[in-house]
Amino acid sequence: MARRNRKPRCGSSVAAVSGLVFLIVIFQIGMLVGFLLLFAFWAAGGHRSLPLPVIFIFVFGLPIAGWLIGTLTQGGIILLIPLSFSVAFAWSYRERRAAHLLDRAGRSEKLINAERQISQDRKNAGAYLARAEILEEDGRYEEAQADYERAFGASERVTSRYALQDHKDRLSHAIKAREARLEYEKYFFIGFIRAARFEWAILAAGALVATGSPVHGISLISMGLMAAWCRRLTRF
C-alpha cells in the first residue's frame, strides 16, 4: 500500500514542476517579444511623447535590468519592470494630454483665422507664416515649406531670406527623416510587427503566468500594456 501511495505524489510533483517550467517559458518568451515590440515602436517614431532619456532609462534600461536580475535571483526585483513602465507611461500621458489640450484650445482657431486672412489678402505674410507653423507641427512639411516661401514672397519684413533658408533646411531634414523611417518600416520585421497585435497575446500570457507567480504575471501584463500604449503613440 505504501508503494501505491508514492506514485500519485511523484506524478503530482512532476506535473507541478512541468507547469512551473511552462509558465517560466511563457514569461521569458513574452518579455522577449515585448522588448522587440518596444524597440520596433521606438524605431518607428515612438519617441514623440517620450524623450530619449526616459526611453533609455524607464522603457529599456531599468526593465531589462529587472528582467535579467529577477530571472537570476527569482526575487521581487522583477517588479522593477511595472514600476519603470508606470513612470514612462505617466510621463508620456502627461505630455500627450498637455499637447492635446493645447491643440484643442488654439490650433483650430489659429488655422481658421490664418486661412480667413489669406482669403481676404493673398499678400498677408503673417497669415502664411502662421499657417506654415501649424502645417509643420502636423507633419505636412511640403505644404509648410510652400507657405514659408509665400510668406517671404509677400514681405521680407515678416521673414528674412536667412529665416526662410532656416525653415527650408529644417523641413528638408524632417522630410528626409520621414522617408528614411518609411523605408525602414518596409523591412520584413517591422512590417510584421506592425501587422500583428502581439500586445494582446502578451496580456493573455501575463494573466496565465499570474496564476503561478503574481509578481511575474504583473510584470508581463505591464509589458503588454506598455506595448499597447506605444502602438498608440506611433499611430500604427
Side-chain angles (χ1 to χ4, degrees), residues 6-98 189-190 192-236:
R6 289 177 184 173
K7 291 183 180 179
R9 291 178 184 176
C10 182
S12 62
S13 298
V14 171
V17 171
S18 299
L20 181 60
V21 170
F22 174 74
L23 293 179
I24 291 174
V25 171
I26 291 294
F27 173 77
Q28 299 298 340
I29 292 175
M31 292 300 298
L32 179 60
V33 171
F35 279 118
L36 290 175
L37 278 174
L38 295 181
F39 174 78
F41 294 150
W42 170 73
H47 56 278
R48 292 170 186 166
S49 299
L50 281 168
L52 291 180
V54 175
I55 290 176
F56 290 147
I57 295 173
F58 295 103
V59 177
F60 292 113
L62 292 177
I64 290 177
W67 177 31
L68 296 178
I69 297 173
T71 299
L72 294 174
T73 63
Q74 296 298 317
I77 191 69
I78 201 77
L79 290 176
L80 193 60
I81 297 170
L83 290 175
S84 299
F85 285 154
S86 297
V87 173
F89 170 76
W91 184 293
S92 177
Y93 181 79
R94 184 190 64 182
E95 294 294 315
R96 189 177 177 85
R97 180 170 175 78
F189 172 73
I190 299 297
F192 183 65
I193 291 296
R194 289 182 63 182
R197 294 282 179 171
F198 286 111
E199 56 267 30
W200 300 114
I202 293 174
L203 289 171
L208 178 63
V209 171
T211 61
S213 174
V215 294
H216 286 76
I218 291 171
S219 300
L220 195 53
I221 289 172
S222 71
M223 171 64 79
L225 292 173
M226 193 66 198
W229 176 245
C230 286
R231 182 184 288 276
R232 184 176 178 181
L233 290 180
T234 50
R235 298 178 182 178
F236 273 12

Discussion item. In terms of relative ring orientation, are Phe85 and Phe35 parallel, tilted or perpendicular, with 30° and 60° separating the classes?
Written reply: tilted
Worksheet item: Using the ring of each side chain (for Trp, its six-membered ring), is Trp229 parallel, tilted or perpendicular to Phe89, with breaks at 30° and 60°?
Response: perpendicular
Spacing of [X] atom [atom1] and [Y] atom [atom2] [to the nearest 0.5 Å]:
X: Ile218; Y: Leu83; atom1: CD1; atom2: CG; answer: 10.0 Å
X: Phe39; Y: Ile55; atom1: CZ; atom2: CD1; answer: 11.5 Å
X: Leu23; Y: Ile26; atom1: CG; atom2: CD1; answer: 7.5 Å
X: Leu62; Y: Ile69; atom1: CG; atom2: CD1; answer: 9.5 Å
X: Leu38; Y: Glu199; atom1: CG; atom2: CD; answer: 10.0 Å
X: Leu208; Y: Thr211; atom1: CG; atom2: OG1; answer: 5.0 Å

Worksheet item: Stepwise, does the side chain to side chain contact (heavy atoms under 4.5 Å, CB included) test hold for Leu37 with Ile202?
Response: CA-CA 11 Å; Leu37 278 174; Ile202 293 174; 3.8 Å; yes
Worksheet item: Does Leu20 reach the side chain of Ile24, with side-chain heavy atoms less than 4.5 Å apart?
Response: yes
Item to complete: Taking all heavy atoms of Pro82 and all of Ser222, pick out the closest pair and write down the distance.
Response: CA-OG, 3.5 Å
Item to complete: Using modelled atom types only, decide if a donor and an acceptor are shared between the side chain of Ser219 and the backbone of Ile78 within a distance under 3.5 Å.
Response: yes
Discussion item. Quick check against the 3.5 Å criterion: does Ser92 have a side-chain atom that pairs as donor or acceptor with the backbone of Ala88?
Written reply: no
Practice prompt. Report the C-alpha separation of Met31 and Ile81 in whole Å, then their side-chain angles, then the decisive distance to 0.1 Å, and conclude whether the side chain to side chain contact (heavy atoms under 4.5 Å, CB included) test is met.
Written response: CA-CA 10 Å; Met31 292 300 298; Ile81 297 170; 3.4 Å; yes
